[in-house]
Amino acid sequence: MEGVTVLIVGAGPAGLATAACLSQFSIPYAIVERESCSASLWRNRAYDRLKLHLAKEFCELPHMSYPVDAPTYIPKTLFVKYLDHYVERFNIQPKYLTSVESSTYDNDEKCWSIVAKDMSKCTTVKFMAKFLVVASGENSAENIPMFPGLENFPGDVIHSSSYKSGKSYSGKNVLVVGSGNSGMEIAYDLATHGANTSIVIRSPIHVMTKELIRLGMTLAHRLPLNLVDKLLVMAAYLIFGDLSQHGITRPKMGPMTLKSETGRSAVIDVGTVGLIKKGIIKVRGSINKIKGNIVKFQCSKRMSFDAIVFATGYKSTANMWLKDGESMLNGNGLPIQKYPNHWKGENGLYCAGLARRGLAGIATDAKNIANDIKSVMDSMSS
Ligand SMILES: Cc1cc2nc3c(=O)[nH]c(=O)nc-3n(C[C@H](O)[C@H](O)[C@H](O)COP(=O)(O)OP(=O)(O)OC[C@H]3O[C@@H](n4cnc5c(N)ncnc54)[C@H](O)[C@@H]3O)c2cc1C
Ligand SMILES: *[C@@H]1O[C@H](CO)[C@@H](O)[C@H](O)[C@H]1NC(C)=O
């Protein structure tokens, strides 16, 4: 049994940022991570051509800037380097291969009791912590919807987190399911590697350019969101034209408001729209069922595919191990309270990186949490 002041669960950007902010106040903490490295999502579960979607000024963690010569849109490898440097700078020492399995609040001792598995030794480790920070991510487990017949599909079925590049799909008929940033970019990557690519776009999306999103985020500091939204939608229309004839419609809510109200991001076009317009990438509607290689769509078209890539997002898994967290998280392991009041629960419980606000949201969560822990500790000692 190890007694610690703060236990942080997860050594992704959110856990690392929280650790750095705590160390600025010399508050002792321990940080545990189920994988054998920090930021495993970026190291092991992201495709090769991935760059940060947002400009670098919106993607910094607290207390450390990107090098001045860093490109505006940071490639994956550079982001991983930044995180390595971050870990070194703040001397963060995660306990790797340590997976938290349960945590309960001990009302008598007034602290959190956490049970984890040490996967290298196959033993159980226990922590007692005054404060508990959930930083296990919104992307903890893959989300793959079930379609009748999917289990018997004879081709490759993968989730976007296992997708690296389109190289091995050249000449194949591939269906991408999901039209978020990952799905749209993977479709582009497949098509440019010579795969015969289709993409399922079920719901309305805002297609934007990365420059427009950068402009929008900058203007949002000064102008009302609905005005910024109007500008962005107008500019996007000038750039992309009317995409409804290609099966892409816009949500009623503007892109900035949509992000702020629901956490849903606009899609930042990397060239996919151009290929859709040329008919190189085919847009499909909802899937109805699958039979052998044949996918039957709701519009009753049937087509044969060699592989399906599910870019259908992720789930939080914090609800599976966090007991007594009802003050903060719902049954899906996501915050009950809306941003910006989502990060604090009762009894010294916090969460970082669960409000669908990307790295900028992570940075504010980490600072808020460290400040709050500091003030609680100051008030206890005075
Ligand atoms: C493809 C992709 C691109 C993105 N691009 C951007 C972008 O450009 N800009 C931006 O701002 N945001 C982006 N995001 C969103 C977000 O910033 C990242 O997902 C970021 O990595 C989230 O950090 P995190 O620390 O909250 O979660 P994660 O990076 O998922 O880290 C959580 C860590 O917790 C560990 N963990 C989970 N459960 C346990 C457990 N029970 N015990 C121990 N450890 C556990 C996991 O192994 C993981 O290492 C992107 C997300 C994805 C998926
Ligand atoms: C591309 O894939 C679609 C869907 O499976 C199929 O209908 C079409 O014939 C394929 N085209 C070629 C050239 O293989």
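Read the numbers this way: they start at 1 and go in the same order the structure lists the ligands and their atoms.
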Indicate the ring-plane relationship of [X] and [Y], choosing parallel, tilted or perpendicular according to the 30° and 60° boundaries.
{"X": "Tyr86", "Y": "Tyr82", "value": "tilted"}
{"X": "Trp343", "Y": "Tyr350", "value": "parallel"}
{"X": "Tyr66", "Y": "Phe79", "value": "tilted"}

Winner among Thr197, Asp306, Asn196, Ile294 once heavy atoms are compared against atom 3 (C) of ligand 2: Asn196
Row check, Phe25 ring normal vs Lys374 NZ/CZ: under 6.0 Å, within 45°: yes
Arg214 charged N/C atom sitting above Phe58 aromatic ring, 6.0 Å / 45°: no
Top protein contact for atom 5 (O) of ligand 2, by heavy-atom distance: Ser304 O, 2.7 Å
Atom 7 (O) of ligand 2 - nearest protein heavy atom and its distance: Met303 CG, 3.9 Å
Backbone or side-chain N or O of Arg284 under 3.5 Å from ligand 2 N or O: no
Pairwise distance CZ(Arg89) to CG(Asp84) - rounded to 0.5 angstrom: 14.0 Å
Flag: protein heavy atom within less than 4.0 Å of atom 14 (O) of ligand 2: yes
Side chain to side chain contact (heavy atoms under 4.5 Å, CB included), paired with Ile8, selected from Leu16, Ile369, Leu22, Leu132: Leu22
Student check: side-chain heavy atoms of Leu7 and Glu2 closer than 4.5 Å: no
Would you mind writing out a table of all protein N or O atoms found under 3.5 Å from any N or O atom of ligand 1, naming both atoms and giving the distance to 0.1 Å?
from     : atom 1 : to     : atom 2 : distance (Å)
ligand 1 : 8 (O)  : His53  : N      : 2.5
ligand 1 : 11 (O) : Leu359 : N      : 2.6
ligand 1 : 19 (O) : Asn139 : ND2    : 2.7
ligand 1 : 21 (O) : Trp42  : NE1    : 2.7
ligand 1 : 25 (O) : Pro13  : N      : 3.2
ligand 1 : 25 (O) : Ala14  : N      : 2.8
ligand 1 : 41 (N) : Val100 : O      : 3.2
ligand 1 : 42 (N) : Val100 : N      : 2.9
ligand 1 : 44 (N) : Arg34  : N      : 3.1
ligand 1 : 47 (O) : Glu33  : OE2    : 2.6
ligand 1 : 47 (O) : Arg34  : NE     : 3.0
ligand 1 : 49 (O) : Glu33  : OE1    : 2.7
ligand 1 : 49 (O) : Glu33  : OE2    : 3.1
ligand 1 : 49 (O) : Ser40  : OG     : 3.3

